[in-house]
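A note on names: the letters A, B, ... follow the listed sequences, proteins ahead of strands, and every chain is numbered from 1. For the numbers below, each heavy atom of this structure counts, side chains included, while hydrogens, waters and symmetry mates do not. Please read all numbers here as calculations on a predicted model, not as lab measurements.
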4 protein chains.
Amino acid sequence: MSKSETTRQKILESTTWLIGQYGIEKSSLSMIANSVGIQKPSIYYYYSSKEELIDAVFSWILEGYSFDKYFPIIEYTKENFVEKIINDGVQLLNEESTDTQLLVVQVLNEFLLYGNRESSHNKAYKLKIKAVQQGFIDGFVHLLQKGVEFGLMESKGLREKAVVLALTLDNLSNYPLIGIQLDTAAVWKQAISSVLSGKEGM
Amino acid sequence: MSKSETTRQKILESTTWLIGQYGIEKSSLSMIANSVGIQKPSIYYYYSSKEELIDAVFSWILEGYSFDKYFPIIEYTKENFVEKIINDGVQLLNEESTDTQLLVVQVLNEFLLYGNRESSHNKAYKLKIKAVQQGFIDGFVHLLQKGVEFGLMESKGLREKAVVLALTLDNLSNYPLIGIQLDTAAVWKQAISSVLSGKEGM
Amino acid sequence: MSKSETTRQKILESTTWLIGQYGIEKSSLSMIANSVGIQKPSIYYYYSSKEELIDAVFSWILEGYSFDKYFPIIEYTKENFVEKIINDGVQLLNEESTDTQLLVVQVLNEFLLYGNRESSHNKAYKLKIKAVQQGFIDGFVHLLQKGVEFGLMESKGLREKAVVLALTLDNLSNYPLIGIQLDTAAVWKQAISSVLSGKEGM
Amino acid sequence: MSKSETTRQKILESTTWLIGQYGIEKSSLSMIANSVGIQKPSIYYYYSSKEELIDAVFSWILEGYSFDKYFPIIEYTKENFVEKIINDGVQLLNEESTDTQLLVVQVLNEFLLYGNRESSHNKAYKLKIKAVQQGFIDGFVHLLQKGVEFGLMESKGLREKAVVLALTLDNLSNYPLIGIQLDTAAVWKQAISSVLSGKEGM
DNA sequence: TATGAATGAGCATTCATTCAT
DNA sequence: AATGAATGAATGCTCATTCAT
């Protein structure tokens with residue numbers, strides 16, 4: 001990696017970390033420059049404005065955050081279905097409980113709120129995060145359809161079940177931010193169990 | 001209400017609305033004063049600092065936000081249990097989908113992130129929000145225990161089931177912020193259904 | 001003393017004390033009102049502006065600060081002259097080393113500087129303090145003239161001797177402000193001794 | 001001198017002058033910037049806070065203000081002692097009666113009072129000024145000891161004599177601030193004369 | 001590839017003062 | 001005799017941004 005690219009990367013990392021600590025608006029270019037070890041105007045050599053830098057941070061942390069990465073539908077078979085859906089979810093939750101991922105979750109939430117604000121020039125944040133969330137819902141719909149095909153569950157209320165799974169996963173990621181400790185694996189198992197055997201339409 | 005109290009209330013409301021629009025830090029006293037229709041220093045007649053005003057906003061929106069308000073355990077009987085738990089949840093979700101409550105949810109999320117930040121003087125925000133969330137989890141534990149007593153469900157995995165319900169409710173409140181439209185009533189029904197009939201311990 | 005006069009007096013005292021602690025400009029009406037135990041606008045009932053209050057404080061602490069109070073020329077005789085001039089000076093210095101008088105000295109110095117400033121509306125401070133100082137010089141001239149009449153010293157350089165005494169007394173009052181501890185009585189005795197026996201015109 | 005250093009120096013000079021005119025607290029960054037001919041935030045490029053700027057001004061005006069600069073003990077001989085001590089003092093007094101030095105004296109007094117105030121963050125002002133004053137007292141002690149060695153005066157009460165000389169010099173510097181015109185040279189001669197021939201221990 | 005020097009806009013806060021009551 | 005409510009002006013300070021080098 002060239003020196004230029006190294007610096008660019010350091011700016012990205014420092015900014016992400018600072019956003020996790022102080023939020024987007026309170027992370028000033030002074031702080032960022034200071035944290036990287038360069039002078040403030042030097043940032044403009046790499047990003048033409050703070051907005052552009054923030055955009056770059058957003059893209060950077062969002063890339064590779066997809067349903068398929070964690071739940072590779074193609075690998076699911078009738079035999080491994082139940083075990084795998086549990087394991088994949090547990091692995092995602094474990095991964096997200098590392099310090100790095102807690103930072104990512106915090107930063108994503110910063111962007112989510114930031115994207116909702118009037119002053120935000122870039123409404124795309126909201127849309128992109130929505131797309132990711134929607135991707136998880138759609139992913140679970142596809143996955144559960146496979147479960148139906150395998151005869152492991154009924155097709156009724158399938159979309160709602162998929163939503164419950166997506167919601168549960170999302171919220172289990174967010175709870176550490178509030179400081180509530182949960183046995184996330186157990187909750188996830190319970191959610192799967194409910195979905196696979198639930199008799200809806202009461 | 002005296003003129004003084006009216007002004008104090010208007011400051012509170014304007015600030016809440018502005019926080020929903022621009023975030024806590026970007027909601028400047030200039031904006032607030034402007035929005036209320038007074039001059040900036042007048043705010044100091046009512047609140048001795050911005051921090052104190054923000055604290056007052058937080059207390060104001062948090063008051064009366066409790067499990068018992070929405071799920072009055074005492075009113076639950078064997079006969080009305082299933083119907084009532086569904087209806088109470090649906091009512092909470094409907095209430096929260098009003099513009100006012102969307103604002104409250106957004107603002108609560110602002111405080112949640114704000115309380116996580118290093119620069120924030122008042123770490124109490126996080127703790128108080130945690131207490132409310134924990135109150136919902138504990139509330140559902142109690143409620144489901146009653147369900148067990150009524151013979152409507154098994155006691156196994158009860159705590160995890162309670163967590164799933166609390167998470168689901170929380171996330172259903174948050175989803176509108178992302179812009180995802182869900183049939184929240186259907187999802188809630190599905191969650192209840194899963195919980196009441198789920199066979200855990202696979 | 002009527003309630004009105006009591007309050008007026010309390011304002012004066014509090015302001016003096018605050019000026020000693022924080023200086024004239026940093027002693028705000030808020031602080032004064034707070035210290036007195038009244039509301040800020042109430043001060044305007046007694047003094048039509050901060051300037052007028054400050055003027056009143058100045059007059060109050062300056063009144064009774066005269067040469068004659070400490071060195072009553074009429075009581076000086078040939079027999080008691082040397083002893084009395086020493087004792088009177090020592091008494092003045094002792095008096096000024098009390099906490100109250102240290103405050104007065106500090107406040108007088110505040111006014112001295114304040115009166116030198118461009119922003120000061122009231123140049124009279126400087127003139128009045130000058131008058132007091134000049135009064136001490138003139139007083140010592142008269143006193144030493146009596147000493148000459150009594151045959152206790154030569155008349156040559158009398159004015160300069162008087163100035164040395166006045167200066168010495170003034171500075172001995174000010175030194176505690178800097179924090180330098182001196183045997184003020186000894187220094188004063190030395191000054192008198194020098195003046196009474198000094199052979200000028202070298 | 002680079003442009004940067006020129007600006008830094010101009011800020012220092014303007015601030016000193018403004019402190020002499022308006023006092024430390026009333027010398028606002030706006031006034032300073034205006035006086036220098038730059039914008040307010042530019043000051044922060046050179047000094048990270050008003051406090052730091054004020055500190056720099058203090059150090060600047062205090063540097064080189066020492067007893068030895070005016071009374072070089074090493075140059076004193078038996079033959080030149082009396083004449084030189086008079087001349088050195090007269091020269092110091094003449095120097096201090098220039099406009100520049102009057103400003104310095106006024107500013108030093110501002111710092112002295114400022115350092116006494118509660119709100120002042122930097123109590124070091126008082127200590128450093130005390131050190132300078134103490135330096136003059138100690139200097140005169142050394143000088144008079146030489147005078148004793150030369151047989152020009154008695155050793156008794158030497159410290160008090162030294163204090164009288166230091167006080168006299170100090171006060172002669174301060175009197176112009178009050179507006180009192182004195183024949184400072186004559187007063188200084190008188191003080192020296194008193195000290196050299198005075199018979200203490202009455 | 002980076003920075004030294006500078007700035008306009010805006011921030012939270014404090015101030016002396018006013019005025020109807 | 002005193003005050004509740006309000007304000008215009010100013011304070012120290014931070015910000016993202018510019019631009020010549």
Side-chain angles (χ1 to χ4, degrees), chain A residues 2-8 25-33 36-54, chain B residues 2-8 25-33 36-54, chain C residues 2-8 25-33 36-54, chain D residues 2-8 25-33 36-54:
Chain A
S2 71
K3 192 183 170 198
S4 173
E5 276 312 303
T6 307
T7 305
R8 183 185 287 268
E25 271 122 347
K26 282 280 170 183
S27 297
S28 72
L29 294 189
S30 302
M31 289 164 69
I32 295 168
V36 174
I38 57 177
Q39 290 312 115
K40 207 179 2 171
S42 306
I43 296 173
Y44 285 86
Y45 182 80
Y46 296 96
Y47 302 96
S48 68
S49 69
K50 185 181 177 183
E51 208 187 328
E52 199 182 293
L53 168 57
I54 297 300
Chain B
S2 71
K3 193 189 171 199
S4 172
E5 277 311 305
T6 308
T7 306
R8 186 184 287 269
E25 273 125 344
K26 282 281 172 184
S27 296
S28 74
L29 294 188
S30 302
M31 290 163 67
I32 294 167
V36 174
I38 56 178
Q39 292 311 115
K40 203 172 18 163
S42 303
I43 296 174
Y44 285 87
Y45 181 78
Y46 297 94
Y47 301 96
S48 66
S49 67
K50 184 180 177 182
E51 207 185 329
E52 199 184 292
L53 168 56
I54 296 300
Chain C
S2 72
K3 191 182 171 198
S4 172
E5 276 312 301
T6 307
T7 305
R8 183 184 288 270
E25 273 122 345
K26 283 278 170 184
S27 295
S28 72
L29 294 187
S30 302
M31 289 164 69
I32 294 167
V36 174
I38 57 177
Q39 292 310 115
K40 207 175 11 167
S42 306
I43 296 173
Y44 285 87
Y45 182 80
Y46 296 96
Y47 302 96
S48 67
S49 68
K50 185 183 179 183
E51 207 187 329
E52 200 184 291
L53 169 56
I54 296 301
Chain D
S2 71
K3 193 186 171 199
S4 172
E5 278 311 305
T6 307
T7 306
R8 185 183 287 270
E25 271 125 347
K26 283 281 170 185
S27 295
S28 74
L29 294 188
S30 303
M31 291 163 67
I32 293 167
V36 175
I38 55 178
Q39 291 312 114
K40 206 175 13 165
S42 302
I43 296 174
Y44 285 87
Y45 182 76
Y46 296 95
Y47 301 96
S48 65
S49 67
K50 184 180 177 185
E51 209 186 330
E52 199 183 292
L53 169 56
I54 296 301

Least distance between heavy atoms, [X] atom then [Y] atom:
X	Y	value
Arg8(D)	Tyr47(D)	CG-OH, 3.2 Å
Lys26(C)	Met31(C)	O-SD, 3.1 Å
Gln39(C)	Ala33(C)	C-CB, 3.7 Å

Hey, does Leu29(A) have a side-chain heavy atom less than 4.5 Å from the side chain of Leu53(A)?
yes
From Ile38(C) atom CD1 to Tyr45(C) atom OH, the distance as rounded to the nearest 0.5 Å
12.0 Å
When rounded to the nearest 0.5 Å, the distance separating OH of Tyr46(B) from CD of Glu5(B) is 8.0 Å
Given [N], is OP1 or OP2 found less than 4.0 Å from the side-chain N or O atoms of [X]?
X	N	value
Gln39(D)	dG8(E)	yes
Thr7(C)	dA1(F)	no
Ser48(D)	dT14(F)	no
Ser4(B)	dA5(F)	yes
Ser28(A)	dC15(F)	yes
Tyr45(D)	dA6(E)	no
Tyr44(B)	dT14(E)	no
Tyr46(B)	dA6(F)	yes

Length of the CG-C1' vector between Leu29(B) and dA12(E), whole Å
6 Å
Nearest whole angstrom, please: distance from the P of dT17(F) to the NZ of Lys40(A).
10 Å
5' precedence on DNA chain F between Gly37(B) and Met31(D) (nearest-nucleotide basis):
Gly37(B)
Secondary-structure stems for DNA chain F, with pairs counted as Watson-Crick or G-U when both distances are under 3.5 Å and runs at least 3 long
E:2-21 with F:2-21
Nearest-nucleotide check on DNA chain E, Ser30(B) vs Ile43(A); residue mapping nearer the 5' end is Ile43(A)
On DNA chain E, check which nucleotide each of Glu25(B) and Ser42(A) is closest to and give me the residue with the more 5' one.
Ser42(A)
Among the nucleotides dA12(E), dG4(F), dA6(F), which one has an atom lying closest to any side-chain atom of Pro41(C)?
dG4(F)
